[in-house]
Trainee: 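The structure follows.
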Amino acid sequence: NSKPIEHIAALNLIDASAKSLDIDISGLYVNKLLFAEDDLWIGGFYRASASDVPVGLRSTSSSRETQIIQFDAIATKTYADPSYTLLASSNTVHANIYSSSDSDVLEVNGDQAVIRNAGVAIITAFQEGDADFQSASTSQEVAVSMLNIEVTAIDANKTYGNNDPILSYEFSIGGLVGDDQLTGAIIREDGEQVGVYEIQQNTLSSTDNYELAFVPGAFTIQERELFVNVDDQERIYGVENPELTYSLGGFAFNDDENSLTTLPEATTEADASSDAGEYPIQAIGGEADNYSFVSNDGTLTILKADQQITFDDLPSGLTESDDDFTLSASASSGLEVSFTSSDESIILIEGSLATILNGGEVELTASQPGNQNFNEAVSITQVLSIEEVLGLLEDQNSRVEVYPNPAIDYFQLGETEDLDGALINLIDAKGKLQASYKLESGKKYPIKSLTPGIYLVIVQSDESNLLVGRLVVSN
């Protein structure tokens, strides 16, 4: 319904929703379609009377100057970049009004552009006209690229037979923005045997704002410890070792001894000749695809062996004038047997040599105390009777004490009942006189010149008092 205008006029049509509009008005030549926020601006030229401008159109003088907006191209942005300032300039002082074709990609607040998502949006800079300048606008396309991120699976491991740990990952390049999250989960290659398996991306993914790269990890299944529990053993010294045994513990799944390539062996360094004591029994060897072997050592205890003594019969019919004789005994262990006398005034023992000192009854004992490998033997005792040579003496008063006995350098006599001046004769085993002394109370009688052996000591006074004793002369 518009009427022709006689001069050239600029017409603006405001529409809050139209994206495009075809206008059929006589005399109008449409040359530009502009968008700015909620307004649709249409510029054209008419020949009509200014007083006849229809409602909704504003006529301005064709003599207004053109506004020139300088809006440089905007470099590609990346999701996660910070907000930035829109910098359009013009040849006027009018403020720029900015708008975005897609606020889900770029949201405009005043002159600030806020990146919301990856994509493409058109930013328009618009300036209103006034009495001196025509309105103007210009646009720039802005691309927001996806953010490159890289996720690396963290290496993990477990022991054969155990449950898998939770797999995890870390950002090796970049990271998520704000509350963004990855979805899905990583996974490892199937398999339960000892070895290395790849940790894979599986369903792990990001939103369209990210370009996600994934670096696989390694999942290692390690050998399981299989415990070889070695049994304790015991034996006697000198015999062979018993069979060395053990039990296995720590199998996984339904594995058993049949799952092993080679069974371990129990062994010890001890043999039949080893001394009594304790020796470790260890498990060695063993092979398996999924197991390593750990020996819980046992102990072989070698006990001392018992031993017995054989004591040969003693000679019979001995008198106090008889020569030395040798004792004979042996132990089943092969160890040396020792001898003791219950009365060394009757029988004196040095090693296995028995020396008769006086007549009487005495116990001779053979013993073996044992050692590291043998227990002490049960001692054996025999009783020996020595007949007195002078069986003519009826009481102990006829005996004289001789000391020291055995003697080396000298001998003395005990109580002699005031027999000073009496004669002391030393008679050897063959009955020959070897030395004579005059009895003096407390005197030491030298014997260094005598041959070692047994001598009969006879003390005789003028009154025919007779005292008898025995002296052993040694080196």
Side-chain angles (χ1 to χ4, degrees), residues 17 19 35 37-38 73-87 98-125 139-224 252-255 289-290:
S17 61
K19 296 297 180 180
F35 298 87
E37 296 185 353
D38 296 331
I74 301 173
T76 298
K77 300 294 181 180
T78 300
Y79 180 70
D81 282 350
S83 301
Y84 62 94
T85 302
L86 298 170
L87 299 173
Y98 298 98
S99 62
S100 171
S101 66
D102 191 344
S103 295
D104 288 337
V105 176
L106 277 174
E107 181 182 333
V108 173
N109 295 317
D111 63 352
Q112 296 296 305
V114 181
I115 297 173
R116 296 301 184 193
N117 290 289
V120 177
I122 297 174
I123 300 297
T124 298
S139 301
Q140 292 291 349
E141 182 178 272
V142 181
V144 179
S145 63
M146 293 184 288
L147 176 63
N148 289 323
I149 58 174
E150 182 181 84
V151 167
T152 298
I154 298 175
D155 292 344
N157 64 77
K158 74 166 185 175
T159 299
Y160 171 74
N162 289 353
N163 294 327
D164 281 12
I166 296 175
L167 301 178
S168 58
Y169 54 83
E170 61 186 0
F171 287 94
S172 46
I173 297 177
L176 297 176
V177 177
D179 295 330
D180 290 352
Q181 293 183 342
L182 300 180
T183 59
I186 57 178
I187 197 172
R188 74 169 178 89
E189 287 182 299
D190 289 338
E192 288 299 331
Q193 300 298 301
V194 167
V196 180
Y197 300 83
E198 186 178 76
I199 301 176
Q200 302 169 335
Q201 182 173 354
N202 192 29
T203 60
L204 185 69
S205 61
S206 64
T207 65
D208 293 337
N209 291 323
Y210 299 91
E211 185 70 38
L212 174 62
F214 182 79
V215 179
F219 186 89
T220 303
I221 298 181
Q222 301 166 333
E223 291 180 336
R224 187 180 189 88
F253 303 119
N254 293 319
D255 293 348
D289 291 336
N290 297 310

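Residue numbers run from 1 in the order of the sequence given. It should be emphasised that the depicted structure is a prediction, and the values quoted were computed from it without experimental measurement.
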Trainee: Quick one: closest heavy-atom pair of Ser139 and Ile122, and the distance?
Mentor: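 Closest approach of Ser139 to Ile122: CB-CG2, 3.6 Å.
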Trainee: Test side chain to side chain contact (heavy atoms under 4.5 Å, CB included) on Glu211 and Leu147; report intermediate values, then the result.
Mentor: CA-CA 6 Å; Glu211 185 70 38; Leu147 176 63; over 6 Å; no
Trainee: With sequence neighbours excluded, give me every ring pair (Phe, Tyr, Trp, His ring centres under 6.0 Å) pair touching residues 167-210.
Mentor: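 Listed by first then second residue: Tyr79-Tyr210.
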Trainee: Minimum heavy-atom separation for Leu86 to Ala113, with atom names?
Mentor: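 Heavy atoms only, the tightest pair is CD2-CB, 4.0 Å.
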Trainee: Any chance you could lay out the side chain to side chain contact (heavy atoms under 4.5 Å, CB included) test for Tyr98 and Leu106, step after step, and finish with the verdict?
Mentor: CA-CA 11 Å; Tyr98 298 98; Leu106 277 174; over 6 Å; no
Trainee: Glu150: which residues meet the side-chain contact (heavy atoms from CB on, under 4.5 Å) condition with it, sequence neighbours left out?
Mentor: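 Glu150 satisfies side-chain contact (heavy atoms from CB on, under 4.5 Å) with Thr152, Ser172, Ile173, Ala213, Val215 once adjacent residues are dropped.
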Trainee: Would you give me the side-chain donor-acceptor pairs under 3.5 Å for residues 187-195, sequence neighbours excluded?
Mentor:
unit_1: Arg188; atom_1: NE; unit_2: Asp164; atom_2: OD2; d: 2.6
unit_1: Arg188; atom_1: NH1; unit_2: Gly191; atom_2: O; d: 2.9
unit_1: Arg188; atom_1: NH2; unit_2: Asp164; atom_2: OD1; d: 3.3
unit_1: Arg188; atom_1: NH2; unit_2: Asp164; atom_2: OD2; d: 3.2
unit_1: Arg188; atom_1: NH2; unit_2: Gly191; atom_2: O; d: 3.0
unit_1: Arg188; atom_1: NH2; unit_2: Glu192; atom_2: OE2; d: 3.0
unit_1: Glu189; atom_1: OE1; unit_2: Glu198; atom_2: N; d: 2.8
unit_1: Glu192; atom_1: OE1; unit_2: Lys158; atom_2: NZ; d: 2.7
unit_1: Glu192; atom_1: OE2; unit_2: Lys158; atom_2: NZ; d: 3.4
unit_1: Gln193; atom_1: OE1; unit_2: Asn290; atom_2: ND2; d: 2.8

Trainee: Holding to side-chain contact (heavy atoms from CB on, under 4.5 Å), I want the full list of residues that pass it with Asp155, two or more places apart in sequence or in another chain.
Mentor: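 Applying side-chain contact (heavy atoms from CB on, under 4.5 Å) to Asp155 gives Ala218.
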Trainee: Among residues two or more places apart or on two chains, list those pairs meeting ring pair (Phe, Tyr, Trp, His ring centres under 6.0 Å) that have a residue in residues 143-164.
Mentor: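 Counting only pairs at least two positions apart or across chains, the ring pair (Phe, Tyr, Trp, His ring centres under 6.0 Å) contacts touching residues 143-164 are Tyr160-Phe253, Tyr160-Tyr291.
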Trainee: Show, in sequence, the C-alpha distance, side-chain angles and deciding distance for Asn117 and Asp208, and conclude whether the side chain to side chain contact (heavy atoms under 4.5 Å, CB included) test is met.
Mentor: CA-CA 8 Å; Asn117 290 289; Asp208 293 337; over 6 Å; no
Trainee: Mind checking what makes side-chain contact (heavy atoms from CB on, under 4.5 Å) contact with Asp179, not counting sequence neighbours?
Mentor: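 Asp179 satisfies side-chain contact (heavy atoms from CB on, under 4.5 Å) with no residue once adjacent residues are dropped.
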Trainee: Just jot down the side chain to side chain donor-acceptor pair (under 3.5 Å) partners of Thr78, sequence neighbours excluded, or say none.
Mentor: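 Residues passing side chain to side chain donor-acceptor pair (under 3.5 Å) with Thr78: Ser145.
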Trainee: Any side-chain heavy atom of Asn209 sitting closer than 4.5 Å to one from Val177?
Mentor: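 Of all side-chain heavy-atom pairs linking Val177 with Asn209, none is under 4.5 Å.
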Trainee: Where is the tightest heavy-atom contact between Ile199 and Ala153, given as atom of each residue plus distance?
Mentor: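 So the minimum-distance heavy-atom pair works out to CG2-CB, 3.7 Å.
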Trainee: Can you list the residues that meet the side chain to side chain donor-acceptor pair (under 3.5 Å) rule with Ser103, with sequence neighbours excluded?
Mentor: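 Once residues adjacent in sequence are excluded, Ser103 has no partner under the side chain to side chain donor-acceptor pair (under 3.5 Å) criterion.
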Trainee: Taking Asp102 for the side chain and Asp104 for the main chain, is one N or O donor matched with an acceptor at less than 3.5 Å?
Mentor: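 Checking the backbone N and O of Asp104 against the side chain of Asp102, a donor-acceptor pair under 3.5 Å is found.
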Trainee: Which residue pairs pass the salt bridge (charged side-chain N to carboxylate O under 4.0 Å, His left out) test when at least one of the two sits in residues 73-83, sequence neighbours left out?
Mentor: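 Pairs touching residues 73-83 that pass the test: none.
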Trainee: Where do Val105 and Ala118 come nearest, in terms of heavy atoms and distance?
Mentor: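 It is CG2-O, 4.1 Å.
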Trainee: Please, which pairs that meet ring pair (Phe, Tyr, Trp, His ring centres under 6.0 Å) have at least one residue in residues 175-196, sequence neighbours excluded?
Mentor: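 Ring pair (Phe, Tyr, Trp, His ring centres under 6.0 Å) check on residues 175-196 returns no pairs.
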Trainee: Applying side chain to side chain donor-acceptor pair (under 3.5 Å), name anything that partners Thr203, two or more places apart in sequence or on another chain.
Mentor: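 Partners of Thr203 by the side chain to side chain donor-acceptor pair (under 3.5 Å) criterion come out as none, since no residue qualifies.
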Trainee: List the atom of Ile149, the atom of Leu176, and the distance in Å for their closest heavy-atom pair.
Mentor: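 Between these two residues, the closest heavy atoms are CD1-CD2, 4.1 Å.
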Trainee: List in chain and number order the residues that pass side-chain contact (heavy atoms from CB on, under 4.5 Å) with Thr183, two or more places apart in sequence or in another chain; answer none if no residue qualifies.
Mentor: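 Counting only residues at least two positions away or on another chain, Thr183 forms a side-chain contact (heavy atoms from CB on, under 4.5 Å) with Ser205.
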Trainee: List the atom of Ser100, the atom of Ala121, and the distance in Å for their closest heavy-atom pair.
Mentor: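 Reported closest heavy-atom pair: OG-CB, 3.9 Å.
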Trainee: Take Arg224 and Thr159, measure what side chain to side chain contact (heavy atoms under 4.5 Å, CB included) needs, and give me the verdict at the end.
Mentor: CA-CA 6 Å; Arg224 187 180 189 88; Thr159 299; 3.8 Å; yes
